[in-house]
Number of protein chains: 2
Amino acid sequence: MATLKDISAELGLSVATVSRALNGFPEVGAKTRARVQEAAARLGYRPNRSAQRLATGRSGVVGMIVKLRADMSADQTFFDVLTTLTAELAACDLDLVLSVDQGSDPTAPYARMLERDLLDGFVLNAPVPDDPRPSFLRSRGVPFVMHGQAHDAPDYAFFGIDNRAVSADAVALLTDLGHARIALVNGEARFAFAGDREAGFRAAMAAAGLAVPDGFVQGGAPTESTGYTMALAWLAGRAGPRPTAILCATTAMAQGVLRAARDLRLSVPGDLSVIAHDDALPGIGPAHFTPPLTVTHAPMRDACAPLARMLIDHLNGADPARLQTVIRAGLIVRASTGPVPKGEERPWQTP
Amino acid sequence: MATLKDISAELGLSVATVSRALNGFPEVGAKTRARVQEAAARLGYRPNRSAQRLATGRSGVVGMIVKLRADMSADQTFFDVLTTLTAELAACDLDLVLSVDQGSDPTAPYARMLERDLLDGFVLNAPVPDDPRPSFLRSRGVPFVMHGQAHDAPDYAFFGIDNRAVSADAVALLTDLGHARIALVNGEARFAFAGDREAGFRAAMAAAGLAVPDGFVQGGAPTESTGYTMALAWLAGRAGPRPTAILCATTAMAQGVLRAARDLRLSVPGDLSVIAHDDALPGIGPAHFTPPLTVTHAPMRDACAPLARMLIDHLNGADPARLQTVIRAGLIVRASTGPVPKGEERPWQTP
DNA sequence: CCTCCATCTCAAACCGTTTTGAAAATGAAT
DNA sequence: ATTCATTTTCAAAACGGTTTGAGATGGAGG
């Protein structure tokens, strides 16, 4: 492997000049820079990471901790994010170290990783309400970015979608179609996003002057069977009126809802409208469900580039409170939503 | 952070002596070592990784690449291995970097990681028949250990179980019980282990003088539904005689087989014996199936400590061809296996 | 008392960068 | 031609360890 010293010897320059030439410092002459770059390419120069790190005091490695649930159901979303994030970070010369945790203390694995002192920062995911990790990491002075949002007015860097708006937009679409009895198949309550979705849902319903019957908001694992079970209970149950529309936290859940409707010989969207939030995970194509699924749309992986960018900025000393982005999910209307069935309209819409 | 220099200044020793004292070199006096260790602890000394790496030329980081399947079904086994391996490696001061790959070229992700030149070596998993990775990595001079075995007489470091024996032991148990028509719910053919399991199965059957009817060996994803579907086809099908015993590649598959038997009102082990190989994944307790499952038993995570040890030895220059371990799975007989049903015995066992 | 051999310790080189502070070269303005 | 302000380049000092080759110290044996 060629080193800076080799190049400087080859060219009769000092290593300092060579270093600056390669790193794009402005004070090096254009022709010198060209010569250096040519020589570097010719000699197959590749900077020594360890040396760079020693000199800069940075490791070039950021960490992420996977929380393993007892049921071992590995998050699809996690893999999607992981893949893209790795690529984005690599493009910025950062490596991602992963650690799997099964313990119950949410901050312990971070402390452990910090102890190994290989890391420049963290990417946090799956925030829970009042997530203790931000304050823990800040107390240690460790930069991090959060995928999602765990607090109302965070003072940390994060990227997330407006989950209240996700529900509100879906509710608005449905109420415009005349629906009044809308149920929510939510994510698990222990995740912060589920709280926001529910809050957005209830606020939008209230704003529309609609009641949310007891039991019309339920949370569960983001699986097809969760959607199936909940929908079956609502649609086949004899207790109280049935919903005419169901909001789902994920497309997999919507798949279960659609199956339940099929089993009950209910037509979608004739008898039931279904709408879901779509994280756009690879291998799941809600456009090809039967019927094609109306969704709020915010690809998980779109978060990765911003997250990587933010983390790097943070590493470079930017104020984390400035590194915050909330985007609004799109709305894609397909064929799973339609007008409320006759006779199920809101009272004042009845002719 | 205290450095070696701080300690040496504190104690009036040279950094060299301090370094050797802390690293356990024999030529440093016992009392000096004690003083150094005390001072190190008192000052909160923690070695600087980057500096160590620069000096030793080693990064202290090994990599592992997760192959993501199109169906996104994340391997439980993978998580189990990952967790334990991380811990084992950490105990040896090695960090594990994970990369997720979705591409089709099996060696490309390794090349990419090597380019980032952060790694001292790799842990390979999920070997396929004629796996191209070993020769690729050897051609690059990169140390690695394989979890599993992809070639008949490998010249690389690996740890695995004797998969032929797994099948053979199971067949032996069943033939001792008089079974003659045994079917195999195998893993996917594209993994090397499945080939070995099938070879062991066919060899053992042949040795027992038993035929394996067409279609009695099928491979599939290691899920409950795979087991259910295959078992249903064999047991409810009208084509040809039904098996009296079924071997499963995983306990999840066995769960499916048991469910199929229940659905068909077949008693286990009265009408059907079931045996599976048990990787002893967390959260799956075949001892508590109904009936408790007879298994060949080889905890996945038992591989991790040996793998870590081998990798470290390899890193330290050991001959990889010497770093090979094959263990034999245990056999745990529970209640899912029993004598062949009356009238289904092998001909010469009939009275 | 001197020698010899362990045992222990040290100063210095080294790993390959980045970064600093100063010197040299260049060019324009006087 | 001289001066001054800019480029442009350089030597050397970090960064924090490991490793080398040699010197110091000590005790035992003569």
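Each chain gets a letter, A, B and so on, in the order the sequences are listed, and its residues count up from 1. Since the structure is predicted, the reported quantities are computational estimates derived from the model, not experimental observations.
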Parallel, tilted or perpendicular: rings of A/Y156 and A/F144 (30°, 60°): tilted
For atom CG of A/L22 and atom C1' of C/dT19, their distance in whole Å: 15 Å
Spacing of A/K5 atom NZ relative to C/dC15 atom P, expressed in whole Å: 6 Å
Donor-acceptor pair (no angle test) under 3.5 Å: B/R20 side chain, D/dT20 base: yes
d(CG, B/L54; P, C/dC14) in whole Å: 14 Å
N-O pairing of A/D155 and A/R138 below 4.0 Å: yes
Closest-nucleotide 5' rank along DNA chain C - winner of A/S19 and B/A51: B/A51
Validation row: B/L89, B/V62 side chains within 4.5 angstrom (heavy atoms): yes
Rounded distance in Å - CZ (A/R33) to P (D/dT8): 9 Å
Candidates C/dT18, D/dC10, D/dG17 - which lies nearest the side chain of B/A55: D/dG17
Sugar-phosphate, base or nothing in reach of A/T32, heavy atoms under 4.0 Å: sugar-phosphate
Spacing of A/L118 atom CG relative to D/dG17 atom P, expressed in whole Å: 15 Å
Distance below 4.0 Å between A/N48 side-chain N/O and C/dC15 OP1 or OP2: no
Sugar-phosphate only, base, or nothing, as touched by A/T17 at under 4.0 Å among non-hydrogen atoms: base
B/I7 CD1 - D/dG16 C1' separation (whole Å): 12 Å
Protein-nucleotide distance (B/R53, atom CZ; C/dT17, atom C1'), rounded to Å: 16 Å
Interatomic distance where CG belongs to B/L13 and C1' belongs to D/dA24 [whole Å]: 14 Å
Near-ring test B/Y110/B/F122, centroid separation under 6.0 angstrom: yes
Short side-chain N/O contact from A/Q52 to OP1 or OP2 of C/dT18, under 4.0 Å: yes
Proximal nucleotide (of C/dT9, D/dA11, C/dT18) relative to the A/A16 side chain: D/dA11
SB check B/R301 B/D279 (cutoff 4.0 Å): no
